[in-house]
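Okay, so here's the structure we're looking at.
Each chain gets a letter, A, B and so on, in the order the sequences are listed, and its residues count up from 1.
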2 protein chains.
Amino acid sequence: MSRGNTGVTAQAVHAEACPVREVLDRVAGKWSVQILVAAAHGPIRFTELERSIDGISRRMLTLTLRNLERDGLVTRTVHPTVPPKVEYELTTVARELHVTLLSLTDWAERHRVTIAESRAAYDDRHRPEPLDA
Amino acid sequence: MSRGNTGVTAQAVHAEACPVREVLDRVAGKWSVQILVAAAHGPIRFTELERSIDGISRRMLTLTLRNLERDGLVTRTVHPTVPPKVEYELTTVARELHVTLLSLTDWAERHRVTIAESRAAYDDRHRPEPLDA
DNA sequence: CTGTATCCCTAACGATACTG
DNA sequence: CAGTATCGTTAGGGATACAG
């Protein structure tokens, strides 16, 4: 995701100094978590992922999988058959993360309504213009 | 972050259908987690945050704080003094998240080396060009 | 001290057509 | 089936100057 740099960027330097961000870059991205969750139940094929993750494009599925593979979070196994069959599976490292991810989504479930209300209230307070005329 | 839409976007529709992404949007962003962590020990002032979070710009600190406030994850208290004093504090909802966040950063700490190696190995395997001549 | 307002750049993403 | 390649859009973010 950050190849092709001409030199050492401020980002890179900072990443070195900041483990916190380093993690999140791995789990952030629009689709990583959903892929991790979808693959949690065992080996899963490319098309199965594509179908089970609603709204993802082929391109993003590929890109995200490549990044996860690069970070050692998923393995990619190509079966030399015809038609081709490729299976993705979580590594043990990723499976450890999975527990935390569940904790995250659980937190979300529990508070999503509250947060939604908070948002609505905030947006209400900060409306377009007072305009009392 | 997504105001000013002219209509119901695909994103919005999807967010409604997908709680998973909904959470992460709240915690993603480049600085949210670091702010949440920095504010975990009690009320903290704007400038203190700015100093404790290395590399953050004033703009992003403000923006991220506003979003966290909007979602009800931090409270903003203005003390009408001169010079002004503003304190940010985590809400109970956010404090629950904090535990999970620690779990995340802990995971990162434990695997950061492995992941870094995985990356290096991957990049090595997928070098510029074989070019055996 | 605690922010806004601008400008600008880049990475991330989406759509779609093509391929081994 | 499992991807690339290409093109276009936009949202996130950095730098900096200004303001209550």
Side-chain angles (χ1 to χ4, degrees), chain A residues 1-7 9-15 18 21 24-35 43-69 74 76-88 126, chain B residues 1-7 9-15 18 21 24-35 43-69 74 76-88 126:
Chain A
M1 231 107 176
S2 50
R3 256 84 58 71
N5 287 341
T6 29
T9 65
Q11 325 279 351
V13 169
H14 198 65
C18 183
R21 267 231 56 71
L24 295 168
D25 281 344
R26 223 136 266 125
V27 162
K30 194 167 180 176
W31 304 106
S32 304
V33 171
Q34 282 170 89
I35 290 179
I44 187 170
R45 301 183 60 174
F46 186 88
T47 312
E48 292 178 316
L49 279 170
E50 192 175 17
R51 272 194 300 262
S52 69
I53 301 176
D54 192 56
I56 195 169
S57 67
R58 197 157 284 177
R59 176 181 133 83
M60 286 317 294
L61 180 54
T62 304
L63 280 181
T64 310
L65 280 171
R66 289 292 173 281
N67 281 311
L68 291 175
E69 187 193 0
V74 305
R76 176 172 177 272
T77 313
V78 181
H79 298 87
T81 61
V82 40
K85 175 179 179 179
V86 181
E87 286 187 315
Y88 294 91
H126 301 206
Chain B
M1 230 106 177
S2 49
R3 256 84 58 72
N5 287 340
T6 29
T9 65
Q11 324 278 351
V13 170
H14 199 65
C18 183
R21 267 232 54 76
L24 295 167
D25 282 344
R26 223 136 266 123
V27 162
K30 194 166 180 177
W31 304 106
S32 303
V33 171
Q34 282 169 89
I35 290 179
I44 187 170
R45 300 185 59 173
F46 187 88
T47 313
E48 292 177 317
L49 279 171
E50 192 175 17
R51 271 194 300 262
S52 69
I53 301 177
D54 193 54
I56 195 170
S57 67
R58 196 158 284 178
R59 176 181 133 83
M60 286 317 295
L61 180 53
T62 303
L63 280 181
T64 311
L65 281 171
R66 289 293 173 279
N67 280 312
L68 291 176
E69 186 193 1
V74 305
R76 177 170 175 271
T77 313
V78 182
H79 298 87
T81 60
V82 41
K85 175 179 179 180
V86 180
E87 285 187 316
Y88 293 91
H126 300 208

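- Atom-to-atom, CD1 of A:I35 to P of C:dC13 comes out at 10 Å; the value is rounded to the nearest Å.
- Atom CD in A:Q34 sits about 11 Å away from atom P in C:dC13, given to the nearest Å.
- In this structure B:R51 satisfies the side chain to side chain donor-acceptor pair (under 3.5 Å) test with no other residue, sequence neighbours excluded.
- Residue B:S57 has no polar side-chain atom (N or O) positioned under 4.0 Å from OP1 or OP2 of D:dA15.
- Checking D:dG14, D:dC1, C:dG14 against the side-chain heavy atoms of A:K30 singles out C:dG14 as nearest.
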Nucleotide N/O to protein N/O under 3.5 Å, stretch nucleotides 3-7 of chain D:
{"from": "D:dG3", "atom 1": "OP1", "to": "A:R66", "atom 2": "NH2", "distance (Å)": "3.0"}
{"from": "D:dG3", "atom 1": "OP1", "to": "A:R76", "atom 2": "NE", "distance (Å)": "3.1"}
{"from": "D:dG3", "atom 1": "OP1", "to": "A:R76", "atom 2": "NH2", "distance (Å)": "2.6"}
{"from": "D:dG3", "atom 1": "OP2", "to": "A:Y88", "atom 2": "OH", "distance (Å)": "2.6"}
{"from": "D:dG3", "atom 1": "O6", "to": "A:R58", "atom 2": "NH1", "distance (Å)": "3.4"}
{"from": "D:dT4", "atom 1": "OP1", "to": "A:R66", "atom 2": "NH2", "distance (Å)": "3.4"}

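- Straight-line distance from the CD atom of B:E69 to the C1' atom of C:dT2: 13 Å, rounded to whole Å.
- Annotation: side chain of A:S32 is in contact with side chain of A:T64 (closest heavy-atom distance under 4.5 Å).
- Distance CG (B:L63) to C1' (C:dG3): 11 Å, rounded to an integer number of Å.
- Nucleotide D:dG13 holds its P atom 10 Å from the CD1 atom of B:I56, rounded to whole Å.
- Interatomic distance, CZ of B:R66 versus CG of B:L61, reported as 9.0 Å (0.5 Å rounding).
- In this structure, B:E87 atom CD and C:dG3 atom C1' are separated by 16 Å, rounded to whole Å.
- In terms of heavy-atom proximity, B:K30 sits nearest to B:Q34 at O-NE2, 3.5 Å.
- Checking B:A28 against B:P84, the closest nucleotide of DNA chain D that is more toward the 5' end is the one next to B:A28.
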Going through the checks in order, is the side chain to side chain contact (heavy atoms under 4.5 Å, CB included) test met by B:R59 and B:T62? CA-CA 5 Å; B:R59 176 181 133 83; B:T62 303; over 6 Å; no

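- Taken to the nearest 0.5 Å, the CD atom of A:E87 stands 10.5 Å off from the CG atom of A:L49.
- Following rounding to the nearest Å, A:M60 (CE) and D:dT10 (C1') show an atom-to-atom distance of 14 Å.
- The shortest side-chain heavy-atom distance between A:L65 and A:F46 falls under the 4.5 Å cut-off.
- Between the C1' atom of C:dC1 and the CZ atom of B:R51 lies a distance of 10 Å, rounded to the nearest Å.
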